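To start, the structure itself, in structure tokens.
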Number of protein chains: 2
Amino acid sequence: MGLQTGKKPRQRAPSKRALKTRETILDAAEYLFSERSFDGASIRDIAARAEVPVGLVSHHGGSKETLFFTVIARRADELARLRAEALETCLASGQPDLRRVIACFVLPFLHQTHHGQPQWRAYGRLIAIVSADERWREITQACFDPTANIFLDQIARILPDASRGAIGSSFVFMVSSMLAICASSWRIEALSAHQDIETLEEHLLDFCEAGFAANLGRMARGV
Amino acid sequence: MGLQTGKKPRQRAPSKRALKTRETILDAAEYLFSERSFDGASIRDIAARAEVPVGLVSHHGGSKETLFFTVIARRADELARLRAEALETCLASGQPDLRRVIACFVLPFLHQTHHGQPQWRAYGRLIAIVSADERWREITQACFDPTANIFLDQIARILPDASRGAIGSSFVFMVSSMLAICASSWRIEALSAHQDIETLEEHLLDFCEAGFAANLGRMARGV
DNA sequence: GTCTATAATGAGATAGAC
DNA sequence: GTCTATCTCATTATAGAC
């Protein structure tokens with residue numbers, strides 16, 4: 001695929017207008033990719049939504065694949081920062097327990113997708129699509145595995161008896177459940193009832209904390 | 001979308017050869033849809049993989065959307081039957097607990113996708129794609145919600161104190177985690193290590209049983 | 001039922017004027 | 001940087017011979 005963002009060094013700084021155009025295009029691409037997946041969203045649809053001529057999409061985004069990667073990487077960087085900050089604060093405030101570490105991973109994502117800019121909502125659905133499709137493995141590894149490994153190490157420190165396999169599979173179960181809140185809220189509603197995001201957050205934390213603890217061989221709450 | 005399978009009533013029974021052709025096409029479609037999602041798999045790719053002329057795909061499968069629906073419905077019927085049988089056996093053998101009811105839902109799926117015909121593997125990945133994409137909501141509701149509601153009711157009977165919302169969200173978390181074993185095994189391996197399916201099944205059951213119990217307000221193990 | 005050929009459309013990418 | 005026009009190719013669907 002070629003994930004290198006490395007185009008040739010820029011001649012001069014882009015104008016404000018150019019930057020704005022670029023963001024508009026990325027926003028449109030993000031929305032349409034999240035609604036119709038990679039192949040279902042055409043460059044022309046994206047241009048139409050961004051209200052720019054088709055040529056500009058290629059100009060700012062490069063090939064469709066690099067555009068896709070750029071869209072995902074854009075907010076992944078911010079997300080990684082938010083999670084790292086939350087974890088740092090948590091660690092600084094004394095003894096971290098499992099629930100708090102988990103919360104540092106899932107809450108920044110859920111807060112951004114539900115209380116951040118409207119565009120974050122689309123981003124959440126997009127990540128769910130990417131995570132369920134091995135075609136985008138390279139993107140997942142580049143954008144999300146570094147942060148994931150930090151949290152895996154942290155959990156392993158809290159629960160040194162757990163096998164790496166148990167931690168890894170529990171972690172992926174947690175990520176899938178978290179993403180379901182974005183991508184499958186319609187199904188939760190269809191099977192039960194509408195619930196506000198705070199309630200869902202609590203259900204998710206309860207579910208994952210207990211699930212982790214069960215898989216890690218000893219109770220972790222209150223350690 | 002139009003989910004009606006109702007074409008005009010058949011004039012005469014199709015020949016054995018025609019049925020075989022049809023299955024070959026559905027198998028090819030199943031595989032390619034699971035690898036590249038709906039828009040990424042073309043009718044021509046499907047015809048090439050099935051080694052039939054392009055025209056035959058439309059002839060047997062109808063439009064691309066009805067072909068997609070047919071592919072998913074085909075094994076959904078069998079899956080629903082396997083789950084219903086497992087549940088029936090479980091209920092007949094005395095007091096059902098939470099873990100056994102959960103197992104009746106997830107194990108038929110995991111057994112088919114990992115020990116059934118090779119095609120079931122593709123089907124598992126395909127369902128994961130469908131579940132993360134609201135475009136296919138209609139398919140999910142037609143193919144999987146009836147069975148889901150049977151299990152939701154069963155869980156509600158075992159744990160009458162739980163709110164429908166807590167049960168519904170826990171159920172969707174469980175489904176997402178189950179599907180992750182099919183669609184995101186590469187990620188589990190990348191973050192930890194390869195684990196055989198029996199180990200993953202146990203991790204999943206432990207994770208979900210504890211997660212459900214935590215969300216349902218009282219311990220369910222051993223009820 | 002099977003297969004070929006083709007119609008009609010839309011795709012991604014880019015050259016070149018402004 | 002912006003925008004238009006166009007090149008080239010692949011797509012779904014179907015008409016009609018066998």
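All values derive from a computational prediction rather than experimental measurement. Throughout, protein chains are lettered first and strands after them, A, B, ... in sequence-line order, and every chain is numbered starting at 1.
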- Message: Strictly by salt bridge (charged side-chain N to carboxylate O under 4.0 Å, His left out), give each pair with a member in residues 82-92 of chain A just once, sequence neighbours left out.
- Response: A:R81-A:E85
- Tell me: CD1 of B:I25 to C1' of C:dG1, nearest whole Å? 11 Å
- Message: Is there a side-chain contact between A:H60 and the phosphate of D:dT2, meaning an N or O under 4.0 Å from OP1 or OP2?
- Response: yes
- Task: Kindly point out which of C:dT4, D:dG1, D:dT14 is positioned nearest to the side chain of B:S58?
- Result: D:dT14
- Query: Atom CG of A:L67 to atom P of C:dA13: distance rounded to whole Å?
  - Reply: 10 Å
- For A:T21, answer base if it contacts any base atom (sugar-phosphate contacts may also be present), sugar-phosphate if it contacts only those atoms, and nothing otherwise; contact means non-hydrogen atoms under 4.0 Å. sugar-phosphate
- A:F33: ring-ring contact (aromatic ring centres under 6.0 Å, His included) partners, not counting sequence neighbours: A:F38, A:F68
- A:H59 NE2 - D:dT4 C1' separation (whole Å): 15 Å
- Task: Sequence neighbours left out, what pairs pass salt bridge (charged side-chain N to carboxylate O under 4.0 Å, His left out) with at least one residue falling in residues 140-152 of chain B?
- Result: A:R187-B:D145
- Query: Within this structure, what is the CD-to-C1' distance between B:E65 and D:dT11, rounded to whole angstrom?
  - Reply: 15 Å
When you compare the protein's N or O atoms with those of nucleotides 6-8 of chain D, which come within less than 3.5 Å of each other, and at what distance?
none

- Item | Nearest-nucleotide pick for B:P53, side chain only, options being C:dC3, D:dG1, C:dG1 | C:dC3
- Touch check for A:S15, heavy atoms < 4.0 angstrom, all strands: base, sugar-phosphate only, or nothing? nothing
- Here the distance between atom C1' of C:dG10 and atom CG of A:L32, to the nearest Å, is 16 Å
- Query: Given atom NZ of A:K20 and atom P of D:dT2, what is their separation to the nearest angstrom?
  - Reply: 12 Å
- Would you mind telling me which of C:dA13, D:dT2, C:dT2 lies closest to the side-chain atoms of B:L56? C:dT2
- Message: So does B:E189 get a backbone contact from the side chain of B:S192, meaning a donor-acceptor N/O pair under 3.5 Å?
- Response: no
- Query: To the nearest angstrom, how far is A:R36 atom CZ from C:dG10 atom P?
  - Reply: 13 Å
- For A:D27, all residues meeting salt bridge (Lys or Arg N to Asp or Glu O under 4.0 Å), sequence neighbours excluded: A:R74, A:R75
- Task: May I have the distance from B:K64 (atom NZ) to D:dT14 (atom P), rounded to whole angstrom?
- Result: 15 Å
- Is there side-chain contact between B:C143 and B:F69, with heavy atoms separated by less than 4.5 Å? yes
- Note on the structure: Closest of C:dG1, C:dG12, D:dA13 to the A:I43 side chain is C:dG12
- Message: Side chain of A:S42 only, heavy atoms from C-beta on: which candidate in C:dG12, C:dT2, D:dT2 is closest?
- Response: C:dG12
- Taken in chain and number order and not counting sequence neighbours, the residues that satisfy salt bridge (Lys or Arg N to Asp or Glu O under 4.0 Å) with A:E201 are none
